[in-house]
Amino acid sequence: MLRYLLKRLGWMLLTLWLIVTLTFILMHSIPGDPFSQDGKKYPEPILKNLRAKYHLDEPLPVQYVLYLKNLLMLDMGPSIKSDTRTVNDVIADGFPVSFQLGLAAVVLALVVGILLGVLAALRHGSWLDNAATAVAVLGISVPSFVMAPLLQKYFGLKWKFLPVAQWGTFEHMILPAVALSLGPLAVIARFTRSSMLDVLGQDYIRTAKAKGLSQPATVFRHALRNALMPVITYLGPLLAAILTGTFVIEKIFAIPGLGKYFVESIVNRDYPMIMGTTIFYSAILVVMMLLVDLAYTLVDPRIKLASEED
Amino acid sequence: MAVTVPNELFRPLDRRELNAEQISRPTVTYWRDAWRRLKQNKLAMAGLVLILLLVVMAIVGPYLSPYSYEHQDLLRKNLPPSGEHWFGTDDLGRDVFTRTWYGARISLTVGIVAALLDLIIGVIYGGIAGFMAGRGKRGERIDNIMMRIVDILYGIPYLLVVILLLVIMEPGIVPIIVALAATGWVGMARMVRGQILQVKQQEFVLAAQTLGADMARLLRKHLIPNVMGVIIVQLTFTIPQAIFAESFLSFLGLGVQAPMASWGTMASDALGVVFSGHWWRLFFPAFFISLTMFAFNVFGDGLRDALDPRLRK
């Protein structure tokens with residue numbers, strides 16, 4: 001097992017390096033540069049100085065090596081768009097906010113989604129099953145950019161329960177977390193229902209019932225455990241994406257998170273910011289992917305990832 | 001002492017008995033059996049009919065009204081639904097009915113094609129990776145490399161990929177579909193791999209292997225049918241996700257360009273109406289996205305039940 005983990009750690013570093021390299025190449029092969037996107041027309045000497053300041057006048061391979069060197073010392077460079085802040089600053093400011101919001105949304109989606117899925121599977125074909133399907137359909141087909149303003153209008157403006165937007169107290173977190181959790185909630189509910197139906201039809205569930213286990217024990221100790229596989233699979237990339245912030249929700253609720261930088265850096269061609277956000281997201285992603293694989297073997301001990309010789 | 005049996009004791013076999021063991025009815029294959037059970041599921045068939053109706057309306061819908069999707073009439077803007085404009089008009093006086101069905105063409109094409117590509121690439125890729133995992137040193141390495149490629153595709157910002165594709169290809173619907181498929185199949189691949197890791201531990205797989213089934217046969221006949229439920233759920237989510245991804249790209253100026261319409265762009269254009277009260281502009285695209293989702297979900301549920309090998313009789 002330890003050898004497997006060490007091996008995976010090596011693969012993680014290799015994967016990250018490949019993502020960095022490919023993103024670097026992609027980023028420089030699309031048209032435009034950091035000084036062409038804001039509609040201003042810089043005079044030639046200023047442009048030359050600006051390009052020299054950010055080493056954009058060097059040949060690409062030199063820039064690449066320079067970037068990797070700085071990256072090894074965890075320095076992701078300045079944000080070209082903001083002048084005063086570095087990419088490290090932006091991530092350090094934005095990530096805690098996005099992380100809190102994302103975690104709240106994921107917990108909400110997991111608890112409600114799994115419960116809804118289990119209930120729908122246990123009452124397969126009943127009105128409860130159909131109601132859960134309807135909730136899931138609405139959750140996924142009403143996009144967050146529609147759901148969020150609706151929540152703001154009713155809970156924020158009309159009934160005045162909760163703050164309309166911005167960030168600060170726990171109350172500020174509720175509406176965005178709800179809006180953010182609806183999509184994942186629907187997906188989790190559907191996956192739980194489907195794999196619960198698969199599992200409930202198996203012989204060991206009949207055995208568990210036959211030996212007299214109560215329904216909660218059968219469902220939660222025996223069935224749910226095996227039915228969680230697709231939810232775990234889905235959770236890996238979801239966590240990486242949602243904990244690093246979402247563009248739409250953070251924009252609508254004016255939340256100072258990390259989400260907007262993923263989109264704006266690309267629109268602005270803010271090269272160090274594109275690289276920084278990508279590396280940060282990818283680092284979380286590869287760790288999540290490893291955790292997912294490890295969770296598989298915990299949930300179902302029959303699963304073997306490493307070959308027997310290890 | 002040898003026993004001699006005289007020839008007279010032999011009697012010719014009755015011709016009818018020759019065929020006694022012959023199978024006279026056609027064999028019921030997996031798919032035929034599934035179709036038979038699907039036909040009995042009323043809700044699923046309603047979903048199928050609804051999908052076909054939506055497709056037919058996407059084809060003929062824009063011709064049913066006298067207006068074209070791009071015709072502007074600024075004197076008749078923001079009109080509520082009426083006999084003249086069935087779904088009302090938008091802020092440029094364009095007929096929402098015509099635009100809804102015109103948008104259906106783009107949204108349904110993007111959604112269905114992206115889902116089909118996901119299905120084909122994702123299931124095969126994930127199937128092979130899941131089958132190889134833990135199967136000796138070589139298998140472990142194959143699984144590892146295949147899944148690290150998936151990680152890399154997840155990691156690269158897909159906006160960069162879309163922009164690059166739009167530079168290389170003619171702008172329009174094709175680069176959007178290619179971009180969505182290029183990034184979308186990895187989700188399906190991971191899902192299939194995860195489920196196969198679990199299913200392949202069961203005894204029937206070992207039995208099939210002992211009988212000499214190779215990887216292709218094991219995947220096709222034994223593993224994939226047992227992970228069908230999850231594949232279908234994943235597919236039903238791919239369709240609306242593709243529709244919204246398209247609208248997000250349009251929002252950034254990278255998707256379908258005005259005056260063309262898609263459900264996603266119509267919904268995101270109508271964003272302000274939540275506060276202005278022109279509900280019909282948001283309601284109709286959102287309603288038909290939901291209806292499409294609903295149809296695919298109930299049909300998918302029925303298909304899941306029909307394809308479940310354990311329910312086979």
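On a predicted model such as this, the values are computed, not experimentally measured, just so you know. Proteins get letters first, then strands, A, B, ... in listed order; numbering begins at 1 in each.
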A:Arg302 atom CZ, over 12 foreign heavy atoms within 6.0 Å: yes

Heavy atoms from other residues, nucleotides or ligands near CZ of B:Phe294 exceed 12 (cutoff 6.0 Å): no

Segment of A:Asn226 engaging chain B (4.5 angstrom heavy-atom cut-off): both

Close approach to chain B in residues 277-287 of chain A, criterion heavy atom under 4.5 Å: A:Thr278, A:Tyr281, A:Ser282, A:Leu285, A:Val286

Residues that A:His124 engages under ring pair (Phe, Tyr, Trp, His ring centres under 6.0 Å), provided they are two or more places apart: none

Best-contacting candidate, A:Asn130, A:Leu26, A:Val187, against chain B by heavy atom pairs under 4.5 angstrom: A:Val187

Residue, of B:Ile145, B:Ile168, B:Ile152, that accumulates the most heavy atom pairs under 4.5 Å with chain A: B:Ile152

Engaged part of A:Val299 at the chain B interface, taking heavy atoms whose separation is under 4.5 Å: neither

Greater than 12 external heavy atoms within 6.0 Å of A:Tyr154's OH: no

Spatial distance of atom CG (B:Leu160) from atom CZ (A:Arg269) [nearest 0.5 Å]: 8.0 Å

Working for side-chain contact (heavy atoms from CB on, under 4.5 Å), residues A:Thr15 and B:Met147: CA-CA 10 Å; A:Thr15 309; B:Met147 292 328 281; over 6 Å; no

Contact class of B:Arg141 relative to chain A, heavy atoms under 4.5 angstrom: neither

Distance in Å, B:Leu159 CG paired with A:Ser265 OG, rounded so as to fall on 0.5 Å steps: 8.5 Å

Non-hydrogen atoms of A:Pro230 and B:Met191 that approach each other most closely: O-CE, 3.3 Å

Heavy-atom closest pair, residues A:Met229 and B:Gly194: CE-O, 3.2 Å

Nearest non-hydrogen partners of A:Tyr4 and B:Glu140, listed with the distance: CD1-OE2, 3.8 Å

pair B:Gln198-A:Asp198: side-chain heavy atoms closer than 4.5 Å: no

All pairs passing salt bridge (charged side-chain N to carboxylate O under 4.0 Å, His left out) where residues 151-166 of chain B contributes a residue, at least two apart: B:Arg148-B:Asp151

Which atoms of A:Phe191 approach chain B - backbone, side chain, both or neither, heavy atom under 4.5 Å: both

Top contributor to chain A contacts, counting heavy-atom pairs under 4.5 Å, from B:Leu43, B:Val150, B:Asn144, B:Leu153: B:Asn144

Between OG1 on residue A:Thr233 and CD on residue B:Gln195, distance to nearest 0.5 Å: 6.0 Å

Atom pair CD1/OG1 of B:Ile156 and A:Thr21 - distance to nearest 0.5 Å: 9.5 Å

A:Val263, part contacting chain B, at a heavy-atom distance under 4.5 Å: both

Under 4.5 Å from a heavy atom of chain B, the part of A:Met289 involved: side chain

Contact winner vs chain B - A:Val267, A:Leu16, A:Asp293, A:Leu18, heavy-atom pairs under 4.5 Å: A:Asp293

Give the table of side-chain donor-acceptor pairs shorter than 3.5 Å for residues 227-241 of chain B, with sequence neighbours excluded, one pair per line with atom names and distance.
from	atom 1	to	atom 2	distance (Å)
B:Thr236	OG1	B:Ile232	O	3.4
B:Thr236	OG1	B:Val233	O	2.7
B:Thr238	OG1	B:Gln234	O	2.8

Which portion of A:Ile274 sits near chain B, non-hydrogen atoms under 4.5 angstrom: side chain

